[in-house]
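First the structure, in the form of structure tokens, and then the observations on it.
Proteins come first, then strands; the chains are lettered A, B, ... in the order of their sequence lines, and each starts at number 1. From a predicted model like this one, the values you see are computed outputs, not experimental measurements. Only this structure's heavy atoms are used, side chains among them; waters, hydrogens and symmetry mates stay out.
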Number of protein chains: 2
Amino acid sequence: MTSVEEPARPNGRIRDAARTRAEILDVATQEFARAGFTGARVDEIAARTRTTKRMIYYYFGGKEQLFTAVLERAYSVIRETEQQLDVEHLDPVAAIRRLAELTFDHHEAHPDFIRLVSIENIHEAEHIAASAELGKIGSPALDVIGRILASGRESGLFTADVDAVDLHAMISSFCFFRVANRHTFGALFGRDLVAADQREHYRTMLGDMVIAYLTAERAAD
Amino acid sequence: MTSVEEPARPNGRIRDAARTRAEILDVATQEFARAGFTGARVDEIAARTRTTKRMIYYYFGGKEQLFTAVLERAYSVIRETEQQLDVEHLDPVAAIRRLAELTFDHHEAHPDFIRLVSIENIHEAEHIAASAELGKIGSPALDVIGRILASGRESGLFTADVDAVDLHAMISSFCFFRVANRHTFGALFGRDLVAADQREHYRTMLGDMVIAYLTAERAAD
DNA sequence: TAGCTAACGTACTAGTTCGTACATTAGTGA
DNA sequence: TCACTAATGTACGAACTAGTACGTTAGCTA
């Protein structure tokens with residue numbers, strides 16, 4: 001390389017705290033999702049940023065806090081998505097199916113988020129516990145589910161004895177497993193749960209499952 | 001400490017290759033499950049063994065191969081459990097419910113295995129791919145499910161259009177999620193999915209869900 | 001325009017961590 | 001009982017990695 005340096009600015013140093021901070025978070029999200037908390041390298045995150053490692057410590061304090069910030073942002077994305085839920089104008093059966101489909105879509109669209117959740121569980125949710133922000137979020141979806149369930153039970157359509165949290169767990173289970181365990185499942189059973197041409201199949205399967213559960217005829221107890 | 005050493009043997013060195021190897025695998029399973037692949041420390045595994053780090057490299061070659069060996073043994077445990085499945089004398093509905101319950105029980109009884117699977121998925125199943133043994137196992141449970149499904153469809157009890165692999169995924173999803181995501185779910189929604197007094201509730205819920213799905217009346221297509 | 005500070009960069013270090021070179025010994029078979 | 005090898009232990013090193021001490025500058029404001 002000859003003496004040709006940066007064109008105008010000798011250092012190219014531009015100050016933009018918000019951009020720097022956001023860029024660190026973006027890259028950190030990828031790196032943590034790629035390699036896990038311990039496997040992620042602070043130097044690697046810094047290298048893939050337009051700034052330096054020093055800035056990670058300047059803005060976040062350390063690797064742990066950076067991971068917490070990554071989780072906080074990832075969860076805030078779902079919250080925002082859930083706040084835009086608009087299914088309550090549908091009848092209960094259609095509303096639940098639609099909600100399940102949106103959950104399905106969100107999981108599929110955010111594999112990095114799924115990986116972060118897996119990683120956080122390996123660490124027994126210690127970062128969530130350490131976050132003032134994440135403790136008290138409460139899922140907007142939960143309220144929606146609760147209202148649909150009540151309405152469905154009132155009209156006699158839903159017979160199952162579940163509350164919103166359990167139904168949310170049921171729906172999330174399937175969506176989460178499909179994305180999170182894609183690799184081992186594929187390696188062991190030779191089936192790619194996230195194959196594009198099977199997407200509709202699994203999306204329908206989830207809806208059928210949830211609706212069948214909610215509307216099944218139960219033995220009187 | 002005074003000069004009191006080992007009672008009889010000056011070094012206490014006993015040779016038992018099988019025991020040493022097994023002990024390393026036991027401790028490694030715990031350590032990998034505790035901290036993830038990268039987070040696990042080879043020195044820590046060695047320290048909690050009656051042998052030394054040298055032996056880990058002697059028997060397994062390295063950290064990667066040790067993790068692969070841990071996975072191989074963990075999967076072999078399920079395979080053995082599945083081989084003892086004895087549900088085909090039941091009617092299809094009872095058989096599937098029983099099978100779901102056994103899957104539920106196995107997940108609950110082996111949280112370390114669940115963690116290993118999560119970890120292996122973070123690493124995109126590269127160790128399973130590298131294992132000659134793990135590639136071609138094929139689940140005994142899958143055959144059982146396949147036969148029950150066929151029998152259930154024949155007798156008109158089952159209406160759902162699923163194969164054994166998909167049904168296995170559905171059952172596993174719920175069991176896996178409940179254990180694997182216990183911590184984040186608990187932190188975010190304030191509900192412990194693995195609480196002892198809720199065990200029957202979730203076990204029943206799983207069975208109800210699967211049976212409802214399989215036996216639901218479907219719109220003619 | 002001078003000065004101040006938030007924002008940024010460089011260079012380094014202390015501690016860790018996987019892996020190995022080398023030495024040793026228990027137990028077995030000739 | 002002697003020799004041979006599988007099994008084991010010790011000590012060490014090279015590379016990595018989180019974190020920091022210290023110096024610099026852009027851009028705002030008085």
Side-chain angles (χ1 to χ4, degrees), chain A residues 5-32 34-70 119 123 126-127 130, chain B residues 5-32 34-70 119 123 126-127 130:
Chain A
E5 287 287 358
E6 227 84 69
R9 234 171 278 257
N11 207 356
R13 196 154 146 187
I14 300 165
R15 308 192 144 203
D16 189 340
R19 199 217 54 172
T20 301
R21 206 173 185 285
E23 196 177 341
I24 292 172
L25 275 180
D26 285 340
V27 177
T29 299
Q30 291 170 35
E31 173 70 0
F32 281 123
R34 181 188 69 79
F37 176 74
T38 324
R41 298 292 162 233
V42 176
D43 281 298
E44 177 64 22
I45 295 170
R48 285 165 50 203
T49 298
R50 268 174 293 180
T51 183
T52 63
K53 184 165 58 157
R54 177 70 184 76
M55 287 298 98
I56 293 175
Y57 290 89
Y58 182 70
Y59 283 116
F60 299 96
K63 194 183 182 184
E64 299 266 0
Q65 296 99 309
L66 176 59
F67 185 68
T68 303
V70 163
I119 291 160
H123 297 278
E126 64 181 55
H127 303 94
Chain B
E5 287 287 0
E6 227 82 71
R9 235 170 276 256
N11 208 357
R13 196 155 147 184
I14 300 164
R15 310 194 142 202
D16 188 339
R19 199 216 55 169
T20 301
R21 206 173 184 284
E23 196 177 344
I24 292 172
L25 275 180
D26 284 342
V27 176
T29 299
Q30 292 170 32
E31 173 69 1
F32 280 123
R34 182 188 68 80
F37 175 74
T38 324
R41 297 293 163 233
V42 177
D43 281 299
E44 177 64 24
I45 295 170
R48 284 165 50 201
T49 298
R50 266 174 293 181
T51 183
T52 64
K53 183 165 59 155
R54 176 71 185 76
M55 287 299 98
I56 293 175
Y57 289 89
Y58 182 72
Y59 283 116
F60 298 97
K63 195 183 180 183
E64 298 267 359
Q65 295 100 306
L66 176 59
F67 185 68
T68 303
V70 163
I119 291 161
H123 297 277
E126 64 181 54
H127 304 94

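Between B:Arg48 and B:Gln30 the shortest side-chain heavy-atom distance falls below 4.5 Å.
Between B:Arg41 and C:dT16 there is no side-chain polar atom (N or O) within less than 4.0 angstrom of OP1 or OP2. Within the structure, every side-chain polar atom (N or O) of A:Thr52 is placed at least 4.0 Å from both OP1 and OP2 of C:dT10.
Between the C1' atom of D:dA11 and the CG atom of B:Asp43 lies a distance of 13 Å, rounded to the nearest Å. Note: OH (B:Tyr58) to P (D:dT10) measures 17 Å, nearest angstrom. Rounding to whole angstrom units, CD of residue A:Glu44 and C1' of D:dA18 are separated by 15 Å. Here the P atom of nucleotide C:dT17 and the CD atom of B:Glu31 are 10 Å apart, to the nearest Å. A straight line from NZ of A:Lys63 to P of D:dT20 spans 14 Å, rounded to a whole angstrom. The separation between B:Phe60 atom CZ and C:dC18 atom C1' is 17 Å, rounded to whole Å. Straight-line distance from the CD1 atom of B:Ile56 to the P atom of C:dG19: 10 Å, rounded to whole Å. Distance, B:Arg19 CZ to C:dA26 C1': 14 Å, rounded to whole Å.
Ion pairing of A:Glu31 with A:Arg41 is absent here, as no side-chain N (NZ or NE/NH1/NH2) approaches a carboxylate O to less than 4.0 Å.
Using a 4.0 Å heavy-atom distance criterion, B:Tyr59 is classed as a sugar-phosphate-only contact. Across all strands shown, A:Ala40 has heavy atoms under 4.0 Å from sugar-phosphate atoms exclusively, and none from any base. Using a 4.0 Å heavy-atom cutoff across all strands shown, A:Thr51 reaches sugar-phosphate atoms only and no base atom.
The aromatic rings of B:His127 and B:Phe37 are tilted relative to each other, their planes meeting at an angle between 30° and 60°.
Here the side chain of B:Lys63 pairs a donor or acceptor atom with the backbone of B:Ala40 at under 3.5 angstrom.
Mapping B:Arg50 and A:Gly62 onto DNA chain D via the closest heavy atom, the residue that lands nearer the 5' end is B:Arg50.
A:Lys53 contributes no side-chain N or O that forms a donor-acceptor pair with the base of C:dG9 under 3.5 Å. The base of C:dG9 sits within donor-acceptor range of the side chain of A:Arg54, with an N or O pair under 3.5 Å.
Here the straight-line distance linking atom CZ of A:Arg19 with atom CG of A:Asp26 works out to 11.0 Å at 0.5 Å rounding.
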